Amino acid sequence: MEPVIIVLIILVVLVFIALIKTIQVIPQASAAIVERFGRYTRTLNAGLNIVVPFIDTIRNRIDLREQVVPFPPQPVITQDNLVVNIDTVIYYQVTDARAATYEVASYIQAIEQLTVTTLRNIIGGMDLERTLTSREEINAALRGVLDEATGKWGIRVNRVELKAIEPPTSIQDSMEKQMRADRDKRAAILQAEGVRQSEILRAEGEKQSQILRAEGEAKAAALRAEGEAQAVRTVFEAIHAGDPDQKLLSYQYLQMLPKIAEGDANKLWIVPSEIGDALKGLSGAMGNFGGMGGGSGGGNGGAGVPAQERREKPSID
């Protein structure tokens, strides 16, 4: 009985193994390549799949999701014979599991080498300055070449990015000095522009201030002249209303003479010719005033007595 039990146990184990090999569960976004006697039979998609045990074998399981592969820095020579190190990142996706398995031995290595050679061809036709400022152009050219070459491998290159472009150390120092000089130049230009704008604003302010001051002075002079004209008009009207005679005018003229001579700038004073007429008029007025005083009484020391009587009166010792 013991050999029969052993045989049964072996059969059960073989059946269990056969069931395991018959049922194949493929995860989502994955695919499996099935070979029968070493020849491609079919591709298993996601889900539950049945294969013939011990006849069909799973050759390769491929992830169909988009993959990101960074490549190490690669030295590339530019058109002006400068060596730069370029880091690249490739975003690709397997679209045909059969082609990715049988058309190329290792599609990752193939993509890396194709990226390096394509970069050298593209960068070799550019100088350093254009290389540093043409990332989008390099990415587009590199993606076009890779997508065309990897299409037959069942791979689609979605994006190609340049992580870093590192020029030589000496070039980096020169670029830093140049950028520092450019920043200093821009700062000096901005400072000069600020000073210029400040001077313009200050000049505009002074101009506006002078204009307002001149307008104020002009208005003040106009008001002053108007006031003086009004005063002269008032005086003239008062004099005209009082009906002055020549004697009063002569007296007023003599009163104004000292005011004419006032001031430090009056080194030389010219006596006007009209002063004689004014004096004659004033002396006549004083004579008339003396005559009027004599008729009023005998006071004031005999001021009203005729001159002949004063001469003939004997003096008392």
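The structure displayed is predicted, hence computed values, not measured ones.
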So with a 6.0 Å cut-off around CD1 of Ile77, is the heavy-atom count from everything else above 12?
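No, the 6.0 Å shell around CD1 holds no more than 12 heavy atoms from other groups.
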Under the side-chain hydrogen bond (donor to acceptor under 3.5 Å, both in side chains) test, residues paired with Arg130 that sit two or more places apart:
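Partners of Arg130 by the side-chain hydrogen bond (donor to acceptor under 3.5 Å, both in side chains) criterion, ordered by chain and then number, come out as Glu137.
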Can you sort out the partners of Gln28 under side-chain hydrogen bond (donor to acceptor under 3.5 Å, both in side chains), two or more places apart, ordered by chain and number?
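With sequence neighbours excluded, Gln28 shows a side-chain hydrogen bond (donor to acceptor under 3.5 Å, both in side chains) to no residue whatsoever.
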Please enumerate all residues that pass ring-ring contact (aromatic ring centres under 6.0 Å, His included) together with Tyr91, with sequence neighbours excluded.
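For Tyr91 there are no ring-ring contact (aromatic ring centres under 6.0 Å, His included) partners, ignoring immediate neighbours.
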With [X], which residues qualify under salt bridge (Lys or Arg N to Asp or Glu O under 4.0 Å), at least two apart?
{"X": "Glu199", "result": "Arg202"}
{"X": "Glu161", "result": "Arg159"}
{"X": "Asp63", "result": "Arg65"}
{"X": "Arg183", "result": "none"}

Do side-chain atoms of Thr118 reach the backbone of Thr115 as a donor and acceptor pair under 3.5 angstrom?
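Side chain of Thr118 to backbone of Thr115, a donor-acceptor pair under 3.5 Å: no, none is there.
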Would you confirm whether Gln93, through its side chain, and Leu64, through its main-chain N or O, come within 3.5 Å as a donor-acceptor pair?
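A pair under 3.5 Å: yes.
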Where do [X] and [Y] come nearest, in terms of heavy atoms and distance?
{"X": "Ile33", "Y": "Tyr40", "value": "CG2-CD1, 3.6 Å"}
{"X": "Ala100", "Y": "Tyr107", "value": "O-CD2, 3.7 Å"}
{"X": "Ala31", "Y": "Thr43", "value": "CB-CG2, 4.0 Å"}
{"X": "Tyr92", "Y": "Val69", "value": "CE2-CG2, 3.3 Å"}

Residues Glu193, Arg196: salt bridge by 4.0 Å N-O rule
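So Glu193 pairs with Arg196 through a salt bridge.
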Do any side-chain atoms of residues 139-146 form donor-acceptor pairs under 3.5 angstrom with protein atoms, and if so which ones, sequence neighbours left out?
unit_1 : atom_1 : unit_2 : atom_2 : d
Asn139 : ND2    : Arg135 : O      : 3.2
Arg143 : NE     : Asn158 : O      : 2.7

Just list the side-chain donor-acceptor pairs under 3.5 Å for residues 15-25, sequence neighbours left out, or say none.
unit_1 : atom_1 : unit_2 : atom_2 : d
Thr22  : OG1    : Ala18  : O      : 2.5
Gln24  : OE1    : Arg61  : NH2    : 3.0
Gln24  : NE2    : Lys21  : O      : 3.3

Sequence neighbours left out, cut at 3.5 Å: what donor-acceptor pairs do the side chains of residues 50-60 make with other protein atoms?
unit_1 : atom_1 : unit_2 : atom_2 : d
Asp56  : OD1    : Arg36  : NE     : 2.5
Asp56  : OD1    : Arg36  : NH2    : 3.2
Asp56  : OD2    : Arg36  : NH2    : 2.9
Asp56  : OD2    : Val52  : N      : 3.1
Thr57  : OG1    : Glu35  : O      : 3.4
Arg59  : NH1    : Glu35  : OE2    : 2.8

Let's go through Ile138 and Met126 carefully: what are the C-alpha distance in whole Å and the side-chain angles of both, what is the deciding distance for side-chain contact (heavy atoms from CB on, under 4.5 Å) to 0.1 Å, and is it a yes or a no?
CA-CA 10 Å; Ile138 296 173; Met126 299 181 178; 4.0 Å; yes
Which atom pairs, one a donor and one an acceptor, fall under 3.5 Å between side chains of residues 208-224 and the rest of the protein, sequence neighbours left out?
unit_1 : atom_1 : unit_2 : atom_2 : d
Ser209 : OG     : Arg213 : NH2    : 3.1

Check residues 78-86 and write down every donor-acceptor pair under 3.5 Å in which the side-chain atom is one partner and the other belongs to a residue at least two apart or another chain.
unit_1 : atom_1 : unit_2 : atom_2 : d
Thr78  : OG1    : Asp80  : OD1    : 2.4
Thr78  : OG1    : Leu82  : N      : 3.2
Thr78  : OG1    : Leu82  : O      : 3.2
Asp80  : OD2    : Leu128 : N      : 3.3

Are the side chains of Ile26 and Asn45 in touch, meaning some heavy atoms are under 4.5 Å apart?
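Answer no - side chains too far apart.
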